[in-house]
Amino acid sequence: MTVTTVRVPAKVNLQLGVGPVRDDGYHDLVNVFHAVSLFDEVTATPAATLTITVEGPAGVPVGPDNLAVRAARLLASHAGVEPRVALHIRKDIPVAGGMAGGSADAAAALVACDALWGTGMSRETLLELGARIGSDVPFALLGGTAVGLGRGERLTPVEAVGEFHWVFGYADGGLSTPAVYAECDRLRADAPAAWPVVSDDLMAALKTGDPLALGRALTNDLQPAALSLRPSLAAALAVGVESGAVGSLVSGSGPTCAFLASSASHAAALGRTLSGTGRFSAVRQARGPVPGAVLI
Ligand code: C5P
């Protein structure tokens with residue numbers, strides 16, 4: 001194979017239950033991931049050395065910190081090959097937006113380089129290498145809907161009926177994930193976090209495919225922290241509710257706002273209304289669940 005391209009989805013968290021901070025600085029989570037149809041593409045081309053180029057919004061690191069670069073290096077060293085690849089990322093997932101765009105690119109780079117170099121890694125190995133790059137990388141490989149425990153990397157797929165229709169409101173400027181977790185700890189300093197458990201209401205909503213029930217069951221323990229760091233998000237979420245969204249929450253660590261619609265046509269109408277408010281730098285429709293990183 002001379003060139004490989006992998007398409008990889010963004011995620012929204014249907015439940016983000018954040019437990020107490022651990023000794024290693026991470027938090028134990030109940031993280032119900034849901035892959036949605038906003039995609040990045042990573043292309044891997046043979047090259048003398050490892051290089052990276054990015055097409056799309058500003059703010060993506062183009063050095064050794066880029067998660068796709070780290071993933072390619074990790075795979076090469078694990079497989080005992082030289083990381084000879086030119087990576088090119090076409091970004092559509094917002095940068096530092098709480099939709100795991102960087103993790104998605106790492107997952108895509110693992111799949112693209114494994115195919116390019118013929119290293120033939122098992123699914124389990126790719127998941128394990130992905131978890132070393134970041135907590136959300138294994139889910140970007142898996143896709144669909146899944147419960148993630150531990151840091152979020154211990155995944156169990158969830159059977160979801162049908163399709164859900166979303167509208168995402170992007171914000172100008174990202175939020176740093178470590179900063180949002182730190183703010184969550186600060187806000188909870190006087191009342192330590194309870195151990196999170198998977199929401200029965202959420203699992204029931206996913207089994208029936210009822211968007212109204214899903215909308216009622218959406219929760220995000222990082223939302224107060226994201227709102228504390230970015231107070232304008234409160235009004236942005238309220239606008240979604242006033243515009244008829246059946247559920248609204250901050251996506252992951254934010255600042256992207258996720259709005260659930262009751263149907264595809266409702267999502268189209270909601271998207272037009274939200275665009276017209278001028279509160280978001282961009283408004284995008286997406287459906288979920290969709291598969292994880294795939295060669296195209
Ligand atoms: O794993 P990843 O590098 O993507 O995590 C980014 C940051 O998010 C971590 O450095 C940590 O501050 C926070 N985090 C956490 N608990 C988790 C996952 C992430 O505190 N389970």
Side-chain angles (χ1 to χ4, degrees), residues 9-18 29-38 94 97-100 139 142-148 152 155-171 194 196-224 226-227 233-277 279-280 282-291:
K11 61 81 183 162
V12 61
N13 307 80
L14 305 180
Q15 178 186 0
L16 186 42
V18 179
L29 304 180
V30 166
N31 195 345
V32 183
F33 292 103
H34 183 68
V36 294
S37 60
L38 298 170
M99 300 194 77
F139 177 72
L142 187 71
T145 304
V147 176
L155 295 170
T156 307
V158 174
E159 287 300 324
V161 166
E163 224 177 29
F164 296 100
H165 300 275
W166 297 88
V167 179
F168 293 95
Y170 294 6
V197 293
V198 178
S199 159
D200 290 339
D201 290 346
L202 176 58
M203 292 301 124
L206 290 169
K207 278 205 184 73
T208 59
D210 174 1
L212 299 178
L214 181 63
R216 285 192 296 271
L218 298 170
T219 57
N220 180 359
D221 286 354
L222 289 182
Q223 185 163 306
L227 292 177
L233 289 178
L237 289 172
V239 134
V241 176
E242 286 155 18
S243 305
V246 299
S248 65
L249 84 174
V250 169
S251 180
S253 54
T256 304
C257 293
F259 302 104
L260 185 63
S262 55
S263 65
S265 58
H266 182 215
L270 182 60
R272 283 192 296 274
T273 307
L274 291 176
S275 293
T277 66
R279 284 211 168 263
F280 304 100
V283 172
R284 300 288 303 276
Q285 279 176 64
R287 67 197 154 72
V290 295

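Side chains are part of it too, since the values below use all heavy atoms of this structure and drop only hydrogens, waters and symmetry mates.
Of all heavy-atom pairs spanning Phe168 and Ala258, the tightest one is CE2-CB, 3.5 Å. Across all their heavy atoms, Val250 and Ala226 have their closest contact at CG1-CB, 4.1 Å. Scanning all heavy atoms of the two residues, the minimum distance from Gln285 to Leu38 falls at O-CD2, 4.2 Å. Considering every non-hydrogen atom in both Pro211 and Val246, the closest pair reads O-CG2, 3.7 Å. Closest approach of Leu270 to Ala261, counting heavy atoms only: CD2-CB, 4.3 Å. The shortest non-hydrogen separation linking Ala286 to Val36 is CB-CB, 4.1 Å.
Thr145 places no side-chain N or O within donor-acceptor distance of the main-chain N or O of Pro289, the cut-off being under 3.5 Å. Asn220 places a side-chain N or O within 3.5 Å of a backbone atom of Gly252 that can act as its donor or acceptor partner.
Taking the side chain as every heavy atom from C-beta outward, Val30 and Gln15 approach each other to under 4.5 Å. Proximity of Val147 to Leu155: side-chain heavy atoms (C-beta onward) are nowhere separated by under 4.5 Å. Put simply, the side chain of Thr208 does not reach to within 4.5 Å of the side chain of Val161, judged on heavy atoms.
Once rounded to the nearest 0.5 Å, the distance linking CD of Gln223 with CG of Leu218 reads 10.0 Å. Between the OG1 atom of Thr273 and the NE2 atom of His266 there is a distance of 8.0 Å, given to the nearest 0.5 Å. Separating the CG atom in Asn13 from the CG atom in Asn31 is a distance of 4.5 Å, to the nearest 0.5 Å. Distance CG/Leu222 to OG/Ser251: 10.5 Å, rounded to 0.5 Å. Between the CD atom in Glu163 and the OG atom in Ser263 there is a gap of 11.5 Å [rounded to 0.5 Å]. Rounding to the nearest 0.5 Å places OG1 of Thr219 at 7.0 Å from CG of Leu202.
Classification of the His34-Phe164 ring pair by plane angle, with boundaries at 30° and 60°, yields perpendicular.
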Output side-chain donor-acceptor pairs under 3.5 Å for residues 233-244, partner residues at least two apart or in another chain, one line each.
{"residue": "Ser243", "atom": "OG", "partner": "Val239", "partner atom": "O", "Å": "2.6"}

